[in-house]
Protein chains: 4
Amino acid sequence: MPLNEEQLQQIRDERRDQILKAGLKVFARRGLVGTKLSMIATEARISQGLLYHYFKSKDELFITLIEQALQELKNEMQNVYKLPGSPLEKLRNLVQFDDEGQLYFMLIHQVRTSDEVPEKAKELIKQYSMETYVIDQLELLFIEGQELGELASGDPRKLISCFFTVLSALMTLNISEDGAYQMPEADLILRIVTGRP
Amino acid sequence: MPLNEEQLQQIRDERRDQILKAGLKVFARRGLVGTKLSMIATEARISQGLLYHYFKSKDELFITLIEQALQELKNEMQNVYKLPGSPLEKLRNLVQFDDEGQLYFMLIHQVRTSDEVPEKAKELIKQYSMETYVIDQLELLFIEGQELGELASGDPRKLISCFFTVLSALMTLNISEDGAYQMPEADLILRIVTGRP
Amino acid sequence: MPLNEEQLQQIRDERRDQILKAGLKVFARRGLVGTKLSMIATEARISQGLLYHYFKSKDELFITLIEQALQELKNEMQNVYKLPGSPLEKLRNLVQFDDEGQLYFMLIHQVRTSDEVPEKAKELIKQYSMETYVIDQLELLFIEGQELGELASGDPRKLISCFFTVLSALMTLNISEDGAYQMPEADLILRIVTGRP
Amino acid sequence: MPLNEEQLQQIRDERRDQILKAGLKVFARRGLVGTKLSMIATEARISQGLLYHYFKSKDELFITLIEQALQELKNEMQNVYKLPGSPLEKLRNLVQFDDEGQLYFMLIHQVRTSDEVPEKAKELIKQYSMETYVIDQLELLFIEGQELGELASGDPRKLISCFFTVLSALMTLNISEDGAYQMPEADLILRIVTGRP
DNA sequence: GATGAATGAGTTTTCATTCAT
DNA sequence: AATGAATGAAAACTCATTCAT
């Protein structure tokens, strides 16, 4: 008995997700050129050929993931305000990204640091400006925090930018198992914006 | 009349340096797989074939650069004490790496985050433990700083580790020209260890 | 609908055989370095890339063929006894190798005479000692032949060795079409061991 | 004090001989494609570049050696008659080639069995027909030997051809050190033409 | 005459993408 | 929809040949 359209659609959606998840995992760590399609296929437990039913090319899969990453980042920033607590407590939440969030960060990092990515990816990243998505979003929060005396004084926009740069940098470190790097605790990172031990 | 041995050696040294410098520049930014030999050859203004007079393979060139990077890092750490000024001032110097230093950092980062590098490189990095090269080297400096009240209190070894992690992370960001990331000024980074604005 | 495992296995076996047969034909005549992969690919009527689905490298393909050649030689020697007729008649059979057998001989010859073959191939050949595979196998046959007066007297082991050397040498001549060399008839070769016209 | 023309000529002749000798040694064993110019240069203890003062190309060096080899073979055959003793004793002498002679044999063999040699070499070999150089030369000797009862009866030209084929084959075996092959003694080989133990 | 660094054409090898089933 | 064999273009690597000294 053949599957009906609905069931087929469900299979398609599942497969697509499988591939995207696998792609994120591998691309984030190894970059576009460092990733072979066979790796993604293996990770997603499907055949290499099937990838091409869902994505026209390696580049297209990569770009789709970039789009997801940017969307994710946007949401994350927009949700900061909805978090409970004082400005500082909200920021502390930001510092504690989940695993998937970290992978998205790494992916964006790959685009920023490699020249081998498709032009489209570059453009997407450019158009997502930290200015709009991050600084504008967090400015009010920082000003509020400074007024409360929770955050260090100084130009809030610059402070956000630096803080976010450090955060991004740490995300992309992909703290390895060998313990060479020690991920600082949230409070230590927050010192950059609080200026207090 | 053929060149004498001294002249030849000079040519060889120059050429080798040229290649190493070009390799560092390209590998640091693009990683091992993202780098094509033609890029290095172009950057070094030599033919692709000549690369193989000086290095047996792409991998060997890469490994040689890793060795240099580790040596450089080692020296850098050992020289901190010789810098003038208080412990904090010495640290400030550390934060202001030169361009080449940053490239070496990025190269080491490439090895840590990619699985595509030769086994030998992995081993080298492993054997260079942050424990020995960095933490042991800086421990006394931090204790001294804490006694002087310049540095925040707490386990000095852990503090160093976190500080160095942030430093490494920033180095590897390869602050791009598009201004997406803003590299924090030295004092801002130092807040992590001073806990003061 | 994808092919089932059995069909796939059949395709793989066929293709592998195709490649091995083509490799034997070209390697035997031209040696390892004299053979370009494009020649084998053309001879096997497949693309160059496909070779790498079946063999990791040119060397691996070569080594696989050497293993086959040695196995073939071993079988050949072990089968001599099962042939019908007197010792001399059995030997006459040995002298009339088939075409594939000759190619295998030539291949082994390539390893013996070239230094450019992979170490593994050298070891395989070494481990296959003529002593064990040939002389030990044929000794009883020769002694029997001498007792019957069919074969010349003298140290049978040495006689075998010389006989086999001549046989090998002739095999590897690859009697060319231009008629420069004339392959002696079986009886002429057998004179070496019979000592009779 | 600059060298005079005579001294220069002497140097030139020496160098040329050096190169030819080295080329013969390496080409004979490894064939044209299996031989790198660097091998010959090393063997001749000169630089790679110098080769091109004496020979226009690798091919030209190879062809020159083929010409020498053919000349040598021709002389060898013509000298058989001048050797002392009965026909059989003259033949026995032929069987005991010197080392250089063997190398020339191997070189000719390389041309016969490889397709990668320059067209010119092929032509040279073709033009040197075994018919003329060998069979015609030895026919009278064989007939004489048959009349004396030293040599087996039958078509002398065919007998020569077979005998020479076996001889060539053995020459090209390049009996390796591992003792896999045992070069038969002269008398054993001569059995082919005498038909007697 | 002599050297060895330098080049580039040709070969091996990799891998995204296509295709028959 | 799904598979994995097959292809070919591009990358790594080799080596005969050239060239500045």
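As a basis for the values below, the full set of heavy atoms in this structure was taken, side chains included, without hydrogen atoms, waters or symmetry mates. In what follows, chains are A, B, ... by sequence order, proteins preceding strands, each numbered from 1.
With a 4.5 Å cut-off on side-chain heavy atoms, Leu20(A) and Leu61(A) count as touching.
Stretches of at least 3 consecutive Watson-Crick or G-U wobble pairs, with each checked distance under 3.5 Å, appear in DNA chain F as E:2-21 with F:2-21.
Positionally, the nearest nucleotide of DNA chain F for His53(B) lies more toward the 5' end than for the other of His53(B) and His53(D). Position along DNA chain E of the nearest nucleotide to Asp59(C) versus Arg12(B) favours Arg12(B) as the more 5'-ward residue.
For the ring pair (Phe, Tyr, Trp, His ring centres under 6.0 Å) condition, the pairs that include at least one residue of residues 13-50 of chain B, sequence neighbours left out, are Phe27(B)-Phe62(B). The ring pair (Phe, Tyr, Trp, His ring centres under 6.0 Å) analysis of residues 30-61 of chain B, with sequence neighbours excluded, yields no pairs.
Rounded to whole Å, atom C1' of dA5(E) lies 9 Å from atom CG of Leu3(B). Atom-to-atom, CD of Glu116(D) to P of dA16(F) comes out at 13 Å; the value is rounded to the nearest Å. The separation between Lys58(C) atom NZ and dT14(E) atom P is 14 Å, rounded to whole Å. Between Arg15(D) atom CZ and dG1(E) atom P the separation is 11 Å, expressed in whole Å. Residue Tyr54(D) contributes atom OH, which lies 13 Å from atom C1' of dT3(E) at whole-angstrom precision. Taking atom CZ on Arg16(C) and atom P on dG4(F), their separation rounds to 19 Å, with Å as the unit. Whole-Å rounding puts the Leu37(A) CG to dT18(E) P distance at 11 Å. Rounded to an integer number of Å, the gap from Ile11(C) CD1 to dT21(E) P is 8 Å.
Heavy atoms from other residues, nucleotides or ligands lying under 6.0 Å from CD of Glu6(A) number 12 at most.
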Problem set entry | Lys122(B) and Glu116(B): CA distance, side-chain angles, deciding distance, salt bridge (Lys or Arg N to Asp or Glu O under 4.0 Å) verdict | CA-CA 10 Å; Lys122(B) 287 277 183 200; Glu116(B) 291 303 272; over 6 Å; no
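For Lys58(B) (side chain) and Leu32(B) (main-chain N/O), a donor-acceptor pair under 3.5 Å exists by modelled atom type.
Of the candidates Gln68(D), Glu72(D), His109(D), Gln71(D), Gln68(D) is the only one forming a side chain to side chain donor-acceptor pair (under 3.5 Å) with Tyr104(D).
At a non-hydrogen distance threshold of 4.0 Å, Gln48(D), Tyr52(D) from residues 40-52 of chain D come into contact with DNA chain F.
In terms of the side chain to side chain donor-acceptor pair (under 3.5 Å) criterion, Glu67(C) has no residue partners (sequence neighbours excluded). Under the side chain to side chain donor-acceptor pair (under 3.5 Å) criterion, Gln48(B) pairs with no residue at all, not counting sequence neighbours.
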